[in-house]
Amino acid sequence: MSLLVTDILKGALDNCRKKGLLEVKEIPPVLLERPKKDEFGDYATNFAMIIASKENIPPRRVADIIAGAIETGDIVRKVEVAGPGFINLFMNKIYWIRMLRDAVSKGEMYGKTDTGKGKKVLIEFISANPTGPLHIGHARGAVFGDTMANILEAVGFDVTREFYINDAGSQVKNLNESIFLKRKEERGEAVKWDENHYRGEYIARLAAGVDNIKGEGAEEIGEYALGEILNWIKRDLNDFNVRFDNWFSERGLYKTGKVDKLLDELRLKGFIEERDGAVWFRSIEFGDDKNRVVKRESGEPTYFASDIAYHYDKYERGFDSLINIWGADHHGYMPRIMAVVQALGHDKDSLRVVLVQMVTILRDGKPVTMSKRAGEYITLRDVLDEVGSDAMRFFFMMRKSDAQMEFDLELAKKQAPENPAFYVQYAHARINSIIEYAEEKSLELSGIRDADLNRLELKEEFDIIRFITLFPEIIGDAAQSLDPHRITFYLQELAGLFHSYYNRNRIVSDDIQLTKARLYLCSSIKVVLNNGLTLLGVSAPKKM
RNA sequence: GCGCCCAUAGCUCAGUUGGAUAGAGCAUCUGACUACGAAUCAGAAGGUCGGGGGUUCGAAUCCCUCUGGGCGCGCCA
């Protein structure tokens, strides 16, 4: 809707050009800001300053000329030039009331746009080895990926969520061995564990289950264990409200011969070389600091080899925009995968890799230690059972992906205002309760659609409306910069505005018309809280 | 040694991609319920944006450098 405002500015600029007041060879994109301070208006733009620097005219003068060409009336109340050359627009009440009606009438659709134009996007996340339960680091990636996918869908992309199952390679072999060893150990035989083996308690669980399967060959046990673990993973994710459209098997790439096919293709393009008995991909040609092995001396392909085929397959399926979400410890892998993208003939911007940083779990204010060697790590399931999906998801979305985070178990569990997840959900429940109260109290209130919104006149009411109108922009920003945490912060602020408004003002009163208008405003807040929480995969409870 | 990420209030963190006087929450003090959910709100206090240079009308934001922390640097995944 702020498009309307950009149109006004563009129109003014056009006028200046026609009248010969400004030359303006090229119109810069009009970036609208929402100033924090009231004195700077409802919308502000700095584009007069941008033009000025290109045309060599003092910025204030350019701003004055453009400002003079902006028509005031129903929509724009006042135009001011301020500071070094900002153009500040002050909007009329009628404009805000229209925006408010727009939000409420759109309901669940409010905030959604079609800027993505149905473009196909593949978002790959978690992609854990199916050699054990998901841990807390996976949980952060899971929330990030799922939320990001929700956001991209909201702005009109055709999103596919994919889990790449690393069910080939040596890790799986290690898993099988671990189960074998565990069984031996339980029979009282002496066994020798090495650092490649998995030692978590779930190995015992798997070992115990082996008795129930047919055959005890390595293959049968491997199949059984992978299937079992994958089921755990799926169940955890389901309870965590994380959805996938596709589970893509690494082994499938070998079965269909795609890995060899791709290596041949790259060989034809001259990106493959043989050295020291191994086969290498010349990633160095695309800025990697060394070439990478795709086939070992033993003839076995590496993980990287199948990953090449995997990414080729993504493009082949018609996705021209790929997003990979990785744990930050994989950052060293990035140059080689970017090299693959380019070697396959794609623009390097077509793949965006988001590195999600590490998580430290705090209990009683102290970090919980994990020992990979002893197989001790905190699983997604542990935390899910302890704090619940809503708080867990909300907490993970309170940090930007590239910052390490601390996850405070006690805080997440607290049913109190210092728990931000609770605070936002509470605002939603509270509004719901007020609306119910009003409906019970008076039948006349049943329809708030025809409320006379001119009855809204408090500054804080219009602050809320302005903030509501920000929502679509926030989603757009989050989508563009792959920063889902912006939604979380926005919701906290909106909840705060509401709580404050509620405490200062009576919503339901004897003044029926005013009550209706205020309920209308509250319902808009409810719409946005609901839509925002839904994007985060967090419930918007009517009661708590 | 090389590379990536981080450093903002006592603590945990935002900061709309270079804008105007740097913001929240928690913790700490002081206040507010015989009316719609006090699971809430109002107020106070809290800062050399890690240090130092540079780029320009303008820097927490971009560049260089130093310091401190995390993570990588395999014919593992």
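So you know, we letter chains A, B, ... as the sequences are listed, proteins then strands, and number each from 1.
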Fill in the blank from the handout: Syn within 90° of 0, anti beyond: B/U67 is anti
Completion exercise
Residues at least two apart in sequence or cross-chain that pass ring-ring contact (aromatic ring centres under 6.0 Å, His included) with A/Tyr426, listed by chain then number, are A/His499
Problem - Side chain of A/Tyr426 - closest among B/A39, B/A77, B/C75 - result: B/A39
Problem - Ion pair check, A/Lys413 and A/Glu386, cut-off under 4.0 Å - result: yes
Problem - N-glycosidic conformation, B/C6 - syn within 90 degrees of 0, else anti - result: anti
Handout entry: Base-pairing string, 5' to 3', of RNA chain B - Watson-Crick or wobble, under 3.5 Å, | interstrand
Key = (((((((..((((.....[...)))).(((((.......))))).....(((((..]....))))))))))))....
Problem - With A/Tyr520 via ring-ring contact (aromatic ring centres under 6.0 Å, His included) - residues at least two apart - result: none
Practice task
Side chain of A/Leu355 only, please: which of B/C75, B/C4, B/G37 is the nearest?
Solution key: B/C4
Completion exercise
Comparing nearest nucleotides in RNA chain B, the 5'-proximal residue of the pair A/Glu297, A/Ile434 is A/Ile434
Show me the donor-acceptor pairs within less than 3.5 Å that the side chains of residues 394-410 of chain A make with the rest of the protein, sequence neighbours left out.
| unit_1 | atom_1 | unit_2 | atom_2 | d |
| --- | --- | --- | --- | --- |
| A/Asp408 | OD1 | A/Glu410 | N | 3.0 |
| A/Asp408 | OD1 | A/Leu411 | N | 3.1 |
| A/Glu410 | OE1 | A/Asp364 | N | 2.8 |

Handout entry: A/Glu461 and A/Lys459 ion-paired at < 4.0 Å
Key = no
Problem - Residue closer to the 5' end of RNA chain B, A/Tyr303 versus A/Arg430 (nearest nucleotide) - result: A/Arg430
Practice task
Using the test ring-ring contact (aromatic ring centres under 6.0 Å, His included), find all partners of A/Tyr501 that sit at least two apart in sequence or belong to another chain.
Solution key: none
Exercise for the section: Going 5' to 3' through nucleotides 13-28 of chain B, assign each nucleotide B (protein heavy atom under 4.0 Å from a base atom), S (under 4.0 Å only from sugar-phosphate atoms) or - (no protein heavy atom that close). Expected result: SSSBB-BBB-S--S--
Exercise for the section: Please work out whether the ring planes of A/Trp193 and A/His197 are parallel, tilted or perpendicular, with thresholds of 30° and 60°. Expected result: perpendicular
Practice task
Could you please name the option among B/G3, B/A77, B/G37 that lies closest to any side-chain atom of A/His331?
Solution key: B/G3
Exercise for the section: State which of B/C5, B/C75, B/C36 makes the closest approach to the side chain of A/Arg506. Expected result: B/C36
Exercise for the section: Can you figure out which of B/A77, B/C41, B/C6 approaches the side chain of A/Thr302 most closely? Expected result: B/A77
Practice task
May I ask you to evaluate whether A/Ser500 reaches the phosphate of B/A42, defined as a side-chain N or O under 4.0 Å from OP1 or OP2?
Solution key: yes
